[in-house]
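Just so you know, these numbers use all the heavy atoms, side chains as well, and skip hydrogens, waters and symmetry mates. Remember, it's 1-based here, ligands and their atoms both numbered in the order they're listed. Computed from a predicted model, the values in this text were never measured in an experiment.
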Amino acid sequence: MDPQALWDRYQKYLCTVDSLNLALDISRMDFSDGYLAEMKPQIEAAYAEMAELEKGAIANADEQRMVGHYWLRNPQLAPTAEIRDEIEQSVAQIKTFAADVHAGRVKPPGAGKFTQVLSIGIGGSALGPMFVADALGQPGDDKMRVAFVDNTDPDGIARTLAKLKGRLTETLCIVITKSGGTPDTRNGMMVVRHAFESVGLDFEKHVVAVTMKGSKMDQLAENQGWIARFPMFDWVGGRTSELSAVGLLPAALQGLNIEEMLAGAAACDEVTRGTRTATNPSALLALMWYHATGGKGQKDMVMLPYKDRLLLLSRYLQQLVMESLGKRLDREGNRVDQGIAVYGNKGSTDQHAYVQQLRDGVNNFFVTFIHVLEAGHDTVEVEPNTTAGDYLNGFQIGTREALFGNDRQSMTLTVGQVDARTIGVLIALFERAVGFYGSLVNINAYHQPGVEAGKKAAAAVLDLQNRASAKLSDSPQTAGQLALAIDAVESVEIIYLVLEHLAANGRIKRTAGAFPAETTYCQK
Ligand code: PA5
């Protein structure tokens, strides 16, 4: 395309939203001029579904749940006064609690103030809080330092605890789990509890819960007299819970402006509720995803924010997009194997890594650049009249050009700066794009049967481990013999794998055989 035609296309399709300080350039996606008109019926159906969802329809039919994350930033939209009050009370509780902690009115028994936060949760109960803490935190200036345990990896937990060495007396733990029954989070809590107790600290005086009322974790927190409990709601999904207590509590404790985050999300919702596609950036994103992937996930979504503060955006969006859209069945139960793969880190760093393949290798992706106008702290001239921020800007625009020059598609989302309001805007923007895309491809974007299946499968493995361990004796036995003993011959391979794990960790004795089937195990 000649430069004038490209410049015209850029201006024709640029979606600028002044109220959000945001612009979306879709000119480097290769859709035809008729595409948006062709997709009008489908996107209008998506608008209609979203309107019903926001009114409180059971949009998550498989779980028979409402989908209410949009109410979190505008409680007036909630379908009942009870839900509206719950949201408002929760935000008020968070603000009061954070103020009390900062002022030392809520304090640990052995120190004047809590200065550290240790957040324990996984998936939707971790990725949002981690993204926001990293995007908006200012080391040295934050009211409290926040660390995360988001795995049942004992070595990972030990590393996080090592960072808090000598400061556990001033550490406030937040256990975040919507369901209250996630083993990874329970395990993290138990290991952290042990660390507190081993230095003589009373864990109950150092911990709060964010969970659904009446869940296992809620009951534990109540029975053990934890400092406080904050509600999670049935009608908010894990990956869309950043603007509930899940994300707001750690952010408020860190000293981030949660009002602005909520206001940014509410403002974005207002814009993206609009049904004029050319001025609706969430709808345009969804339509571009549909175009690029053929509505079948044929291309991967590469997120390239040119800003260190947005490094974790890709991980956050990876969950939001892939857990929402990665579905085997459509809403009528037909096999569709849907989804869009998401990956990315940040520019210009990635230009020295996988961008080589993007430019020259397999063309199986489309890029979403995030361009932040305000460079921040950009006072040093690295060359006459040129700053590091000029380079960052130049690299971003240059990479867009280089990719386009080789027929690689991209979009560019430009924001003014990375602040609390912008983060709220970005969260809301992508949440709604995912919802629209779910409608376009006719899947339920709000359940996660694959995640639930993984949880069940892990429980079955641990059950086999316990049963096989109970049959271990002083005499060596193979995995096959143990499988027979517990009446689980069909699971011999899994039994072998758990025995190898136990042996590698010094919990049982192993004698290597020529083949896995000949390796024997016995009690130590
Ligand atoms: O988005 C989701 O639903 C999941 O990623 C959950 O957030 C994750 O499994 C953790 O669940 P919970 O918050 O119930 O502990």
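Using a cut-off of 4.0 Å between Lys/Arg side-chain N and Asp/Glu carboxylate O, Glu54 and Arg432 are scored as salt-bridged.
Distance alone, capped at 3.5 Å, places no donor-acceptor pair between the Thr152 side chain and the Asp184 backbone. Under a 3.5 Å cut-off, the side chain of Asp330 and the backbone N or O of Asn334 do form a donor-acceptor pair.
Here the side chains of Met66 and Asn60 are not in contact, with every heavy-atom distance at 4.5 Å or above.
In Glu88, the CD atom is crowded: over 12 heavy atoms of neighbouring residues, nucleotides or ligands sit closer than 6.0 Å.
Between Tyr47 and Phe436, the ring-plane angle classifies as perpendicular under the 30° and 60° cut-offs.
In this structure, ligand 1 sits under 4.0 Å from heavy atoms belonging to Ile122, Gly123, Gly124, Ser125, Thr177, Lys178, Ser179, Thr182, Gly238, Arg239, Gln319, Glu323, Gln448, Lys455.
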